[in-house]
Structure formats: C-alpha cells, structure tokens
Amino acid sequence: MTEQELLRRESLAKLREMGIEPYPAELFEVTAFASDITANYQEEVLEDGTKNRLNYQEVSLAGRIMASREAGKAMFMNLQDSSGRIQLYVRRDDFLEGDEAPMFDTVIKKLLDLGDYVGVKGYAFKTKTGEVSVHVQSFKFLAKALRPLPVVKKDAEGHIFDAFTDPEQRYRMRYVDLTVNPQFKEIFLKRTKMIKTMRNYLDELGLLEVETPILQPIHGGAAARPFTTHHNTLDMTLYLRIANELYLKRLIVAGFDGVYEFAKMFRNEGMDRTHNPEFTALEFYVAYKDYFWMMDVTEKMLERVARAVNANGSSKVTVGENQIEFAGPYRRLTMYEAIREYTGIDVEKADEAELRSYCRKEHIEIDASMGKAKLIDEIFGEKVEEHLIQPTFLIDYPVEMSPLTKKHRSAAGLVERFELFVNGKEVANAYSELNDPIDQRERFEDQLRLAARGDEEAMAMDEDFLRSLEYGMPPTAGIGFGIDRLSMLFTGQSSIQEVLFFPQMRPEVNG
RNA sequence: GAUCUCGUAGCUCAGUCGGUAGAGCACUUGACUUUUAAUCAAGGAGUCAUGGGUUCGAGUCCCAUCGAGAUCACCA
C-alpha cells in the first residue's frame with residue numbers, strides 16, 4: 001500500500017475512535033444541486049451597502065470533496081455532485097461548541113481527504129471575489145475514500161493541468177475517469193439520449209419492443225465468427241448471437257406488424273478503435289413495407305436523433321473536419337452508379353477479368369476465390385466508401401452478397417438492399433426481406449457451397465427459420481443500425497472505447 | 001494477426017554519452033478567518049511494467065514476456 005493509502009486508513013480509524021462513522025447507513029437528504037445554486041443564486045445590495053441573500057438559504061447537498069484550500073481559521077473546498085461543482089466555505093468559528101469543538105481543527109482539517117463523499121448543510125452566498133459558495137454549518141461524512149484520486153486542476157482561462165489522460169487507466173477505471181474528467185459524461189448522456197429518441201420514434205410508429213435469444217443453437221443472420229459456449233443440462237453447444245435477424249423475422253411471421261430490439265451482439269473477431277467484441281445493434285422489421293419506405297423512416301429518425309442530441313436542436317453534427325447534415329432527403333446512389341462515379345468503371349458491363357486487372361492496377365488486395373460480386377465489394381470499399389461523408393444510401397447490391405435479401409423487383413442479379421454511409425463509414429444495413437421460402441432455401445444452399453469452399457463466414461442452414469417462412473411471412477422491410485458507431489458519430493469520437501462505459505480490455509497483471 | 005511507439009512517485013511528465021532517481025501537483029508538519037491552478041516554509045514518498053542478458057556499473061544498450069496506443073489486415 002502506498003504512503004497516502006496508509007494515511008487514509010489511519011484517518012478512517014481515528015474517525016471511528018472519535019465516534020464518527022465514515023460509512024453511515026442512513027440516508028442523507030439532498031435538497032439542492034451544485035449547478036442549480038451557482039446558476040440561480042440571487043442577492044441584492046441594500047442602500048447601506050449590506051447584502052441581502054434572496055434564495056438557497058437552507059440547502060443540503062452531497063458529493064465528493066475535489067479540492068481544498070486552507071486560509072487560516074477558514075477553509076475553502078470544492079464539492080462535486082452529479083450536476084457539477086460548487087465552492088464550500090467552512091469557518092472555524094462555526095464549529096466551536098460542545099461536541100463540535102474538534103470538528104474543524106481535527107476532523108475537517110486533518111481527517112477529511114480529497115475524494116471523500118460528504119453531506120453538508122448551510123446557506124448560499126457570494127464571496128468577496130464573487131464566487132457563489134455554500135457557507136457550511138453542518139458537515140457529515142458519507143463515505144471515506146481510501147485511495148487518492150488524480151488531481152486535475154483548471155485555471156481561470158480553462159487550461160487543464162495534470163489531466164488524467166492515460167487511456168488504459170481511463171478505460172479500466174471508468175469510475176475514476178468520470179469522477180475527475182466529468183466532461184466525458186456528456187458522451188454517455190448523448191448516447192442514452194440517442195437510444196431514447198430512437199425508441200420513442202419506433203414506439204410512435206407502433207412497433208413492439210421485443211427480446212430474442214442471446215444463446216442460440218445456430219448462429220445465423222450475419223457473417224461472423226461466434227463465441228461458443230456449452231449448456232451443461234442440455235449438454236449442447238450454444239453460440240452467443242452474432243445477429244438477431246432470423247428471430248425478429250420469425251416474429252413477423254407470428255403476426256406482429258413491426259418489432260424492434262436494441263440488442264447486444266457478440267463477434268469473436270479482431271478488436272480495434274471501431275470494434276469491440278460485444279456491441280449494440282438496433283434492428284427493426286416492419287411488415288408490408290419495402291426498402292424505399294425504410295429509407296424514408298431512416299432519414300426521419302436520424303434527423304430527430306441529431307436534433308435531440310444537439311443542445312441547440314440543430315440537425316447538423318460536426319465530426320472532425322466535416323459538418324454532417326442529418327436532415328433528409330439523403331442522396332441515393334446505386335452501388336454501380338457509385339463505382340462509376342468514383343472509378344469510371346461500368347461494373348455492369350465489365351467481366352470478372354477486367355475487374356481483376358483493375359484491382360491489380362490499383363493495388364487492391366484480392367484472391368483467386370473472389371467472384372465478381374466480391375470484387376465489386378472490394379472496389380467499393382477501397383475507392384468509394386471514404387468519399388461518402390454526407391449521409392448516403394447506397395442501394396441495390398449483387399445478389400451473391402446478400403443471402404437474406406429479396407431479389408430486385410426490376411434489375412436482374414441485384415437485390416433490394418441499402419446501406420447507409422455517413423462520414424465514410426457504414427452505419428446501417430437494410431433490405432426488403434426475402435420471404436420466398438424456396439428462394440431462401442436456395443440461398444442457404446449457396447452459402448453451404450461457399451462454406452465447403454472454405455468461406456468461414458458463410459451462413460449456416462437454419463431449418464426452423466425456413467419452416468417459419470414456409471408458413472408465410474408478409475413482405476417486410478428490415479434494418480440494422482450499429483449503435484456504437486452512431487454514438488461515435490453523434491459525439492464526435494473516433495474510438496469505440498470512448499462510447500462504451502467498459503470497453504473490453506486484456507486482464508490486468510497486478511490488480 | 002503484422003508493424004511501429006510507449007510503460008519512471010497517487011496524477012502529469014523530465015531523466016544528456018551507461019556512472020548514487022528528478023520536477024510540478026497530490027501527501028505530511030507549520031503559518032494565514034473571503035481563498036480559488038491560493039500562497040509561504042520545511043519534509044516524506046520509487047520493485048524505473050516483468051524476467052533474463054551485456055557491462056566494473058543498466059531507468060538508459062540487447063532479448064523475451066505482459067499491458068496500452070497508433071497504423072494496416074479482417075469484420076459492424
């Protein structure tokens with residue numbers, strides 16, 4: 001244990017010796033918040049020059065002591081509660097009688113440490129320098145801190161000194177991070193506001209919020225490597241879901257007109273600044289609709305989210321150098337048009353050999369197993385994606401890449417699918433759902449052939465899902481949003497770890 | 001998975017050519033009854049990520065391991 005930790009344990013013991021409980025059980029009534037007092041405190045100056053304090057004259061607030069300045073027989077402290085910080089003024093003369101005699105010199109001055117949770121009662125006033133403060137008249141320990149917090153200081157111009165910045169420590173000890181870097185709370189508040197806005201919107205559309213299995217016997221609905229686990233009683237392998245799509249569609253079969261789920265997904269793949277092994281998706285499916293309807297809904301929902309997340313209600317969000325306009329309508333571009341626009345290639349006419357030679361010329365990594373559809377996808381990823389800064393619907397994909405998507409109503413070889421790109425990244429994937437059970441079975445069989453050729457991401461056959469389609473699924477539009485990616489966008493963060501309270505980390509060596 | 005960079009006091013960081021481990025804040029003691037990055041005086045605090053190697057001598061050079069970040073590959 002460090003010197004400072006030992007001293008804090010000694011302080012704790014001394015408090016108990018004095019009959020002061022550092023971790024009291026009873027509630028502490030809070031009647032005011034720091035930011036309300038600093039924002040709304042009022043006083044008037046009378047003709048004789050004395051001040052008349054007008055409000056907050058009996059307040060009770062609780063929080064952590066974050067700074068302390070002794071000034072002789074008085075002390076100034078900064079109390080931080082969930083709303084912000086306020087200065088406390090404590091005077092020796094106020095703690096002289098009876099039991100309270102040692103309160104100032106011994107307890108507050110010596111045994112109180114930075115980081116301790118305390119409750120104070122007193123009245124608001126303005127100091128000589130004009131800072132709204134609370135003159136403390138009673139003082140109570142609510143929880144003693146046995147470890148010192150990093151001390152982050154700020155000067156009058158807002159320059160920060162000794163910021164707690166090590167990302168490893170910030171992510172491992174988010175409780176410390178958010179205590180000393182409260183500005184990061186804003187990211188999480190916005191994330192929650194975003195989710196709440198989406199949920200409200202979907203509820204208004206009349207969709208039903210549902211829950212579907214996380215432990216699945218077949219990991220369907222997406223192309224990814226799953227986490228595997230084992231159920232002892234059933235003695236069977238189960239997978240943590242990589243997607244919930246096939247379950248939500250079963251519910252459409254069941255007769256719900258629209259369902260949605262905010263769902264944790266798990267993918268056993270690489271980690272980097274845009275991938276965490278568990279992440280959140282919003283998926284929703286609506287009967288009797290198609291992907292054009294879904295584009296309209298997406299535009300409306302994201303505009304509403306932008307306006308909710310922005311304090312000023314704007315539909316624009318600044319991400320790095322770019323200002324992104326979330327008010328629709330968004331540009332709609334077919335995949336072939338996009339590639340023609342950014343590369344000049346007409347992929348519709350080009351054959352596989354031509355695409356191959358283009359990729360080689362442009363140093364796009366390809367391998368022999370890739371068919372025409374996969375080559376198109378590679379070219380798109382390398383040449384087009386990064387240019388799609390403003391929200392853009394990329395529509396009509398080759399059928400081979402979309403085994404759960406309905407064939408295009410008019411264009412052969414394509415499916416009715418769109419992905420939404422914002423700031424050069426995919427944030428949503430949607431389609432007119434394939435509801436023809438015979439076609440769906442053939443698509444699964446194609447996937448099995450791909451798997452046999454060594455494609456690890458090919459989808460498995462799901463007989464129960466096919467059975468549900470054979471009972472009849474209405475025409476349906478469906479979409480999935482990457483909630484973490486959207487959070488990054490709406491909060492201007494470039495790392496997924498900044499929008500997750502507890503991003504996955506390797507184990508610490510010495511706890 | 002690959003490459004590069006980083007790991008020194010509670011926090012933020014210096015540490016030269018390999019020669020006894022440094023600063024600011026925090027902490028301790030004292031002074032100061034409206035301070036605010038409070039100030040002033042004095043003091044304490046280190047498994048230099050871990051393990052090996054080279055060397056008379058390693059925070060520093062070499063190797064391995066662990067952890068983190070960045071870039072790339074894959075994926076959402």
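First the proteins, then the strands, lettered A, B, ... as listed; each starts at 1.
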(request) Could you measure between the two C1' atoms, the one in B:rC25 and the one in B:rA9, and give it in whole Å? (result) 12 Å
(request) For B:rU39 and B:rG10, measure between their C1' atoms and round to the nearest Å. (result) 23 Å
(request) Determine the Euclidean distance between corresponding C1' atoms of B:rC13 and B:rG46; express it in Å to zero decimal places. (result) 15 Å
(message) So does A:E168 get a backbone contact from the side chain of A:D166, meaning a donor-acceptor N/O pair under 3.5 Å?
(response) yes
(request) Indicate the ring-plane relationship of A:H387 and A:Y342, choosing parallel, tilted or perpendicular according to the 30° and 60° boundaries. (result) parallel
(message) What's the gap between B:rG18 and B:rC56 when it is taken at their P atoms, as a whole Å value?
(response) 16 Å
(request) Can you tell me, in whole Å, how much space there is between the C1' of B:rA31 and that of B:rU8? (result) 34 Å
(message) Side chain of A:Q87 only, heavy atoms from C-beta on: which candidate in B:rU35, B:rG10, B:rA76 is closest?
(response) B:rU35
(request) Can you tell me, in whole Å, how much space there is between the C1' of B:rC4 and that of B:rA42? (result) 47 Å
(message) The side chain of A:K110 is closest to which nucleotide in this list: B:rG30, B:rU12, B:rA70?
(response) B:rG30
(message) Roughly how many Å apart are B:rC17 and B:rC6, using the P atom of each and rounding to a whole number?
(response) 15 Å
(request) Give a yes or no on whether a salt bridge exists between A:D93 and A:K73, defined as a side-chain N under 4.0 angstrom from a carboxylate O. (result) no
(request) Starting from the 5' end of RNA chain B, give me the residue, A:F164 or A:K153, whose nearest nucleotide shows up first. (result) A:F164
(request) Return the nearest nucleotide to the side chain of A:R69; candidates are B:rA68, B:rA38, B:rA76. (result) B:rA38
(request) Mind checking A:R485 for me? I need base, sugar-phosphate or nothing, with any heavy atom below 4.0 Å counting as a touch. (result) base
(request) State which of B:rU12, B:rG69, B:rC72 makes the closest approach to the side chain of A:D166. (result) B:rU12
(request) Return the orientation label for the A:F326 and A:F490 ring planes: parallel under 30°, perpendicular over 60°, tilted otherwise. (result) tilted
(message) Looking at the base of B:rC11, is there any donor atom on it, or on the side chain of A:Q169, that sits under 3.5 Å from an acceptor on the other one?
(response) no
(request) Choose from B:rC32, B:rG69, B:rU35 the nucleotide whose nearest atom is closest to any side-chain atom of A:K73. (result) B:rC32
(message) Pick the closest RNA chain B nucleotide for A:D272 and for A:A156 by heavy atoms, then say which residue is nearer the 5' end.
(response) A:A156
(message) Once hydrogens and angles are ignored, does a donor-acceptor distance under 3.5 Å link the base of B:rG44 to the side chain of A:E3?
(response) yes
(request) Determine the interplanar angle of the A:F465 and A:F444 rings, folded into 0 to 90°, and report it as parallel if under 30°, tilted if 30 to 60°, perpendicular if over 60°. (result) perpendicular
(message) Measuring from the side chain of A:E426 (C-beta onward, heavy atoms only), which nucleotide among B:rU33, B:rU34, B:rA76 has the closest atom?
(response) B:rA76
(message) Rounded to whole Å, how long is the line connecting atom CZ of A:R170 with atom P of B:rC11?
(response) 15 Å
(request) Ignoring the backbone of A:K128, work out which of B:rA68, B:rA26, B:rU35 is nearest its side chain. (result) B:rU35
